[in-house]
Amino acid sequence: MLRAVRLPATAEGPSFSKVVDELLPLAQAAGGGDPAALRTLLSRVAPTMLRVVRRVTGAQHPEVEDVTQECALELVRALRQFRHESSVQHFASRVALRVAMNARRRRRASKRTPEFPADFVDPEDAEGESPQPDAHLASRSAIAVVRDLCDELPPAQAEVLALHCVLGHTMNEVSTICGAPLETVRSRLRAARLELVERAMAQPLLREILEVAP
Amino acid sequence: MSRPDPTDLLCRLWREERGPETERRLAELLASSPEARLVELSLAGFERESQACPGDEVLLSAISERAILEAAGDFAPPPRDLQRSAPAPVRRGVAFRGRSRLALAVAAAIVMMCGLAYGLHAAAGRFTFVIGGPTPRRSPPPPEDPAPLEPSSAGPAISASEPDAAPPRHPAHPWSSAAPAPSAGPPRSSVAILFSEANAARRAGREQDAVALYQRLLFTDPLAREAPPARLALAKLLRGQSPAAALTHFETLARATTPLRAEALWGIAGCAQALGQTSKEKQALSDLIREFPTSPYASTARARLGDASR
């Protein structure tokens with residue numbers, strides 16, 4: 001059963017509230033080595049982790065399964081250090097995010113494996129000759145820019161950017177998930193977004209969208 | 001009162017139920033903030049990327065089972081005398097390393113015993129030859145001192161039951177255990193290099209080179225992970241000069257259960273239109289609308305299906 005607990009009002013108003021986490025007892029039992037609890041917990045959080053991995057690496061990435069497996073193993077290890085500062089779902093998301101981002105960085109460093117098919121944008125399509133809808137193309141270009149930037153930014157900044165722009169968390173949520181002060185998150189995100197816009201402006205398709213109001 | 005951060009507000013609105021009020025606020029936000037437009041585009045893209053696929057349940061179940069199995073090894077309490085000195089968190093594969101060491105020790109003990117038995121009947125010099133012979137490549141740990149092997153044999157519960165089973169260095173996924181070993185194919189790197197070179201050629205505008213490289217990749221290893229995107233790229237390159245060849249590739253791609261099926265169906269429709277095969281075009285567009293109703297192709301496909309029906 002869920003029970004809402006109000007937190008003190010933040011600078012942005014009192015809208016952020018924390019809900020008592022129904023997965024917490026499961027996580028505690030799983031962290032203590034209870035296999036049944038671990039099984040149930042994984043059945044609840046593994047779909048989220050798979051979604052996070054698909055977002056970070058791309059749905060067609062050949063290593064999605066491997067990376068998700070790595071995420072599950074990492075979560076099992078991390079459960080023993082879980083300090084209940086965020087919800088279990090958010091904790092699992094963060095573990096998945098970190099593992100997937102590390103996998104991308106490793107792949108980028110090694111350059112031995114194929115490029116990300118998810119970022120595959122046909123030049124013909126980009127020129128608008130194909131009947132593929134423009135919004136879809138622009139969207140693919142945008143996620144390619146975000147992913148590239150996440151690969152290159154310092155890890156702390158990349159994590160904040162990914163939590164916000166890849167997973168869609170608000171700044172308050174990012175602050176809770178990362179355990180960082182809201183102002184720190186805001187500052188990291190501001191710098192990352194400036195870089196993001198700069199890179200997007202270098203892409204003809206995105207520049208058009210950014211310059212012209214809909 | 002300070003103005004809310006545009007992308008933060010976007011993230012809030014993005015998750016709300018899409019009523020008229022939310023749509024209005026979202027439209028206002030997107031009209032006023034380029035940053036919000038960019039983040040909205042990326043969130044839409046990421047949402048598409050993370051859609052559930054058929055077979056996810058099987059995949060997740062296998063992943064969970066594997067994690068539980070590994071956790072069973074991780075959670076086994078180490079011997080009391082090692083609890084203080086355990087240096088680092090247990091890493092993946094430690095159970096397999098423990099088993100390898102145990103197997104090595106057992107093998108060494110067997111060799112020693114055989115050598116000892118043989119030595120009773122033969123000269124003492126040959127005994128040393130048996131011990132130092134070519135069987136073990138690295139010198140095994142001395143059998144008189146089995147203490148270093150104690151932790152691993154007492155740790156993971158699975159190690160005692162099958163001590164001589166050599167674990168794979170990169171164990172296959174449980175869900176693919178029935179499939180043939182991937183080592184049967186050509187070296188991974190050659191396909192990866194071909195894919196990379198073909199992409200580079202395509203981007204540089206060297207279409208003929210790109211076509212040749214994609215075709216070579218598909219010939220080298222048609223089941224490679226790179227094969228579906230390579231086939232898609234090849235089909236798109238061939239679409240203009242040879243719609244019939246492109247159609248074959250799109251149809252092959254559509255038959256396989258890859259995430260590229262939507263693109264393949266769209267390609268089939270385009271090629272069929274170019275070849276005047278109206279019924280095939282209609283069929284592909286219908287399949288596309290039915291199977292991928294939220295796809296960005298779907299709305300255009302509906303319009304085209306209407307045109308094709310007239």
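In what follows, chains carry the letters A, B, and so on, assigned in the order in which the sequence lines appear, proteins first and then strands, with residues in each chain numbered from 1. We use all heavy atoms of the structure for the numbers below, so side chains are in, but hydrogens, waters and symmetry mates are not.
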Decide whether B:S50 and A:R55 meet the rule of one side-chain donor and one side-chain acceptor closer than 3.5 Å.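 Yes, because at least one side-chain N or O of B:S50 sits under 3.5 Å from a partner of the opposite role on A:R55.
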
Carefully, step by step, assess B:R66 and A:E65 under the rule salt bridge (Lys or Arg N to Asp or Glu O under 4.0 Å). CA-CA 12 Å; B:R66 169 84 186 275; A:E65 296 170 3; over 6 Å; no

For the [atom1] atom of [X] and the [atom2] atom of [Y], what is their distance to the nearest 0.5 Å?
X: A:R54; Y: B:E47; atom1: CZ; atom2: CD; result: 14.0 Å
X: B:L10; Y: A:T170; atom1: CG; atom2: OG1; result: 11.5 Å
X: B:C11; Y: A:N172; atom1: SG; atom2: CG; result: 11.5 Å
X: B:D8; Y: A:L189; atom1: CG; atom2: CG; result: 8.0 Å

Is there a donor-acceptor contact under 3.5 Å from the side chain of A:S139 to the main chain of B:L41? yes

Check whether any side-chain heavy atom of [X] lies under 4.5 Å from a side-chain heavy atom of [Y], and answer yes or no.
X: B:F46; Y: A:R51; value: no
X: B:L38; Y: A:R199; value: no
X: A:P47; Y: B:L60; value: yes

Which heavy-atom pair separates [X] from [Y] by the least distance, and what is that distance?
X: A:V76; Y: B:A67; value: CG2-CB, 4.1 Å
X: B:S42; Y: A:I143; value: O-CG2, 3.3 Å
X: A:C165; Y: B:L43; value: O-CD2, 3.3 Å

Is [X] close to chain B through its backbone or its side chain, or both, or neither, when contacts mean heavy atoms under 4.5 Å?
X: A:L196; result: both
X: A:V197; result: both
X: A:A46; result: both

Does CZ in B:R302 sit with more than 12 non-hydrogen atoms of other residues, nucleotides or ligands closer than 6.0 Å? yes

CZ (A:R83) with more than 12 external heavy atoms under 6.0 Å: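 It does not: A:R83 CZ has 12 such atoms or fewer within range.
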
Identify which of B:P34, B:A44, B:S61 forms the greatest number of heavy-atom pairs closer than 4.5 Å to chain A. B:P34

Exactly one of A:R193, A:R186, A:H164, A:R190 should register a side-chain hydrogen bond (donor to acceptor under 3.5 Å, both in side chains) with B:D5. Which one does?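 Of A:R193, A:R186, A:H164, A:R190, side-chain hydrogen bond (donor to acceptor under 3.5 Å, both in side chains) with B:D5 is met by A:R193 alone.
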
